[in-house]
Amino acid sequence: MYTKSEKIQSRNGLHIRLSAMLVNKAAEISRKYNVSLYIRKPGMEIPFAFSILAVISLKISQNEEVEILSKTEDENSINAVNELILFIKNELKDSENRMDKIDDILVENNIAKEQIIESVPIGIIVTDQSGNIININKYSLNILNMEPHNVLGKFIKEINPSSELIDVMINNNNQRGKIEYINSHITFVNRSPIINKNVVIGAIETYQDISELVGMKELNEKFIKILETSHDLICFIDENRKVSYVNPSYENYYNIKSKDILNKNLLDIYPSELELEVFNKRKSLSDIIYKKNNIEAIFSVEPIYIDNIFKGVISIAKPVNEIKEFMAKLEKSKEEINYYKEELRRTSNLGKAFYNIIGQSESLKDCLYIAEKASNSISTVLIRGESGTGKELIAIAIHNNSARKDNPFVRVNCAAIPENLIESELFGYEKGAFTGAYKNKPGKFLIANGGTIFLDEIGDMPLSMQVKLLRVLQEREFESVGGIITHKVDVRIVAATNRNLEEMIENGEFRNDLYYRLNVLSILLPPLKKRKEDLNLLVEHFIKKISNKLQRPIPKISPSALNLIHNYDFPGNIRELENIIERAINMCDGLLIKDEDLPLYLYSSDDKSNLINLRNGELLTFQEYEKEIIEKAMKKYKSYNKAGKALGLTHRTISLKCEKYSIKRED
């Protein structure tokens, strides 16, 4: 390389006329010596062969030093560089002195042109006839995210691979309103050749960021965000069959960079793809399972038309494996939703009539769910459960949640009515039917007409009455005692019992045909010992209820007293719990229920759980305690293995201990 420097002495620097003179002289010298010459300033180097506009774009001012160089260093190169330096030193200065006024006009025009180019709100790029960039404004530099020294003198395709300026110059045509995706900007692009005396000497392209158009910025931002955040694999093909956009999901899934495929022809990258088929046939393809790059996906490909003009193709794909994962999650979610819907139906959707039934245990929820279903029916209901579990409360809730809620609810305790009176109590009697029958009296069934009759303790009904009750269930009719008129009734029957009806049937104490008539909808209420998780709610409810009844301040209950309640099995169930709380409130001196306010038998129950048994106040030997513990474990678990697991011992150890203490294994 041979290089030599010289200052530009002209007052207006290397302006249009001087640039033209310099380019022409450089061309003459290059032909003379067969050498390529370059002009350089810090950061930029341009061949003289580019054009006058390229030299002007260097913006060399007065007294600024430039380098003239050749890439070779032979005699021709040295002579060529020296001759051009001599021309700059002598001819350019002399020429300026002779044409000051003309130069001032040219400089002013050039300044005006540059200010216009920089101030217009569009991007401008100008190339010479070879496609080398000779001018670019700040707007374009911002879109490209580049500095001037990285752009000027470079081939347009190196800077913007999607540019079609070369095609525009070759075909001598114009492009108007093309939409291109350039460096994360969606732009309108116009391109035109620059013609002088019917000869193309360059080209110009302008850019307008769509987001800056009035009313489009927000829409554009939303559109880009949708594309970038979508899990779908999105690809746009323009009308020239070139890839114009792929979104991040497309890049990530196919493990490619957008720069590696943007502006490339489909034939070069995907020669047999669905996009090419749609591009050629202009017909949509929907929900096609297709393998691309060994990845199966479901594709939908659509042609794009704007004002009935074909503008390309859009491809949207969903990976099959992601869909399978999604379907698996969906199936799991459906199962969870079905579960929660069922729970909701069993709890939250219960009628208001069930709200006063306290408890959140699963066993109670199951009962309330069946009871709520029963309330929407007219079928007979049989409520079973130990004494004090709240059977009547469930019966009332069923009635109050039914269509019969505005009609009578009549309760009959079958166990409390003497056998000789139960018929007249249920069916009524006529005047004179027996001694003391001074007037007609309607029975419970007639009173309950249109409503619900609750037959509590149905297991205690005499056999003689069971057959008469069966007739009412079957025929919905009866005659009162001493009467001859048959009464027709519309009564919903809800029965309840704490007895084992199946065992009574075997013993001949209860009619099996009546049992099957009653046991249409069966509800089994759990005892309180099976729903200990409801104790806290029930205790709180009864404390408030009874305090209000007794017109006393509502006390709290100590943790130790609550623990005593939890350790008790409540053979009398909820009724017993309510009685215990009422006693405690009456015994309580302050606003805290303590251990001593509870019945003494709760302490006894708690003491029975003590593992250390004393004999006359004295401890027993370790072997006696060991024998007692192993005996209890074997009685409960029936096998060496299970007993060993419960006590943290091996199967063999338990076997040897049983042999030692003569403990027999129960079958």
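Excluded from the calculations below are hydrogen atoms, water molecules and symmetry mates; all remaining heavy atoms, backbone and side chain alike, are included.
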Report task. Could you please spell out the steps behind the side-chain contact (heavy atoms from CB on, under 4.5 Å) verdict for Ile323 and Met327? Result -> CA-CA 6 Å; Ile323 294 174; Met327 291 300 293; 4.1 Å; yes

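- For the atom pair CG of Asp232 and CG of Asn247, the computed distance is 8.0 Å after rounding to the nearest 0.5 Å.
- More than 12 heavy atoms of other shown residues, nucleotides or ligands fall within 6.0 angstrom of atom CD in Glu228.
- In this structure, the side chain of Asn573 does not engage the main chain of Arg575 through any donor-acceptor pair within 3.5 Å.
- No donor-acceptor pair closer than 3.5 Å links the side chain of Gln466 to the backbone N or O of Phe510.
- Within the 4.5 Å cutoff, the side chain of Lys594 has no heavy atoms near those of the Asp589 side chain.
- Nearest heavy-atom pair across Asp595 and Ser560 is OD1-OG, 2.6 Å.
- Between the side chain of Asp534 and the main chain of Gln360, a donor-acceptor pair closer than 3.5 Å is present.
- You'll find the side chain of Ser547 stays beyond 4.5 Å of the side chain of Lys544, heavy atoms only.
- Side-chain contact between Ile663 and Lys657 is absent, with no heavy-atom pair separated by less than 4.5 Å.
- Using modelled atom types, one finds no donor on one side chain facing an acceptor on the other under 3.5 Å when comparing Thr389 with Glu386.
- His566 is listed as a side-chain neighbour of Asn536, based on a closest heavy-atom distance under 4.5 Å.
- Each of Leu521, Val520, Leu501 was compared with Leu382 under the side-chain contact (heavy atoms from CB on, under 4.5 Å) criterion, and only Leu501 meets it.
- Between the side chain of Asn567 and the backbone N or O of Asn563 there is at least one donor-acceptor pair closer than 3.5 Å.
- Comment: Lys291 does not engage Glu296 in a salt bridge, judged by the lack of any side-chain N to carboxylate O separation of less than 4.0 angstrom.
- The closest donor-acceptor contact from the side chain of Asp460 to the backbone of Arg499 lies at 3.5 Å or more, if one exists at all.
- For the pair Tyr250 and Leu227, the minimum side-chain heavy-atom distance is 4.5 Å or more.
- Interatomic distance, CG of Leu524 versus CD1 of Ile383, reported as 11.0 Å (0.5 Å rounding).
- Nearest heavy-atom pair, Ser379 versus Arg492, reported as atom, atom and distance to 0.1 Å: O-NE, 2.5 Å.
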Report task. Tell me, with the steps shown, if Glu631 and Tyr661 meet side chain to side chain donor-acceptor pair (under 3.5 Å). Result -> CA-CA 9 Å; Glu631 276 182 332; Tyr661 297 124; over 6 Å; no

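- Under the 3.5 Å distance criterion, with hydrogens and angles disregarded, a donor-acceptor pair is assigned to the side chains of Glu576 and Tyr568.
- For His231, there are no side-chain contact (heavy atoms from CB on, under 4.5 Å) partners two or more places apart in sequence or in a different chain.
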Report task. Take Phe570 and Lys529, measure what side-chain contact (heavy atoms from CB on, under 4.5 Å) needs, and give me the verdict at the end. Result -> CA-CA 6 Å; Phe570 290 97; Lys529 64 183 178 182; 5.9 Å; no

Requested in this report: Show the numbers, then the answer: is there a salt bridge (charged side-chain N to carboxylate O under 4.0 Å, His left out) between Glu628 and Lys632?
Outcome: CA-CA 6 Å; Glu628 184 178 348; Lys632 287 184 177 181; 3.5 Å; yes

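- Taking Lys324 as the reference, Val320 meet the side-chain contact (heavy atoms from CB on, under 4.5 Å) condition, with sequence neighbours excluded.
- A donor-acceptor pair is defined here as one N or O able to donate and one able to accept, closer than 3.5 Å; such a pair exists between the side chain of Arg583 and the backbone of Asp597.
- For Lys627, the salt bridge (charged side-chain N to carboxylate O under 4.0 Å, His left out) criterion is met by no residue, not counting sequence neighbours.
- Evaluation of the salt bridge (charged side-chain N to carboxylate O under 4.0 Å, His left out) rule for Lys545 yields Glu578 as partners, not counting sequence neighbours.
- The two residues Ala397 and Ile357 have their closest heavy-atom pair at CB-CD1, 4.1 Å.
- A donor-acceptor distance shorter than 3.5 angstrom exists from the side chain of Ser558 to the backbone of Ile593, with no hydrogens or angles considered.
- The minimum heavy-atom distance between Val381 and Ala374, with the atom names listed, is CG2-CB, 3.9 Å.
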I'd like a table of donor-acceptor pairs (distance under 3.5 Å, sequence neighbours excluded) in which one partner is a side-chain atom from residues 417-428, with atom names and distances.
residue, atom, partner, partner atom, Å
Glu423, OE1, Lys468, NZ, 2.7
Glu423, OE2, Lys468, NZ, 2.8
Ser424, OG, Leu421, O, 3.0

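- In this structure the side chain of Ser286 reaches within 4.5 angstrom of the side chain of Glu302, judged on heavy atoms.
- No side-chain donor-acceptor contact under 3.5 Å links Arg531 to the backbone of Gly359.
- Lys532 NZ: more than 12 foreign heavy atoms inside a 6.0 Å radius.
- Of the N and O atoms on the side chains of Ser361 and Glu533, not one donor lies less than 3.5 Å from an acceptor on the other residue.
- Contact between Asp287 and Ile298 at its shortest, heavy atoms only, is CA-CG2, 3.6 Å.
- Around CD1 of Ile288, the count of heavy atoms belonging to other residues, nucleotides or ligands within 6.0 Å exceeds 12.
- Between the side chains of Asn498 and Ser387, no donor-acceptor pair is found at a separation under 3.5 Å.
- Note that CG of Leu514 is 5.5 Å distant from CG of Leu469, once rounded to the nearest 0.5 Å.
- Annotation for Ile398 and Ala371: closest pair CG1-O, 3.8 Å, computed over non-hydrogen atoms.
- The OG1 atom of Thr486 sits 9.5 Å away from the CZ atom of Phe478 when rounded to the nearest 0.5 Å.
- Looking at Asn413, its side chain does come within 3.5 Å of a backbone N or O of Ala415 through a donor-acceptor pair.
- Atom-to-atom distance recorded for Met504:CE and Arg511:CZ is 13.0 Å, nearest 0.5 angstrom.
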**Report entry** Derivation of the side-chain contact (heavy atoms from CB on, under 4.5 Å) call for Glu430 and Ile485
**Finding:** CA-CA 10 Å; Glu430 299 294 325; Ile485 298 174; over 6 Å; no

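- Of the inter-residue distances, the one linking Leu562 atom CG with Ile557 atom CD1 reads 5.0 Å to the nearest 0.5 angstrom.
- The ring pair (Phe, Tyr, Trp, His ring centres under 6.0 Å) test applied to His399 returns Phe409, not counting sequence neighbours.
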Query raised in the report: Given Asn449 and Asn407, is the side-chain contact (heavy atoms from CB on, under 4.5 Å) satisfied, shown in steps?
Result: CA-CA 8 Å; Asn449 192 22; Asn407 295 319; over 6 Å; no

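- The backbone N or O of Gly385 sits less than 3.5 Å from a side-chain atom of Lys391, completing a donor-acceptor pair.
- Residues Cys367 and Pro526 are in side-chain contact: their nearest non-hydrogen atoms beyond the backbone lie under 4.5 Å apart.
- Residues Pro555 and Ile543 have side chains in contact (heavy-atom distance under 4.5 Å, counting atoms from C-beta outward).
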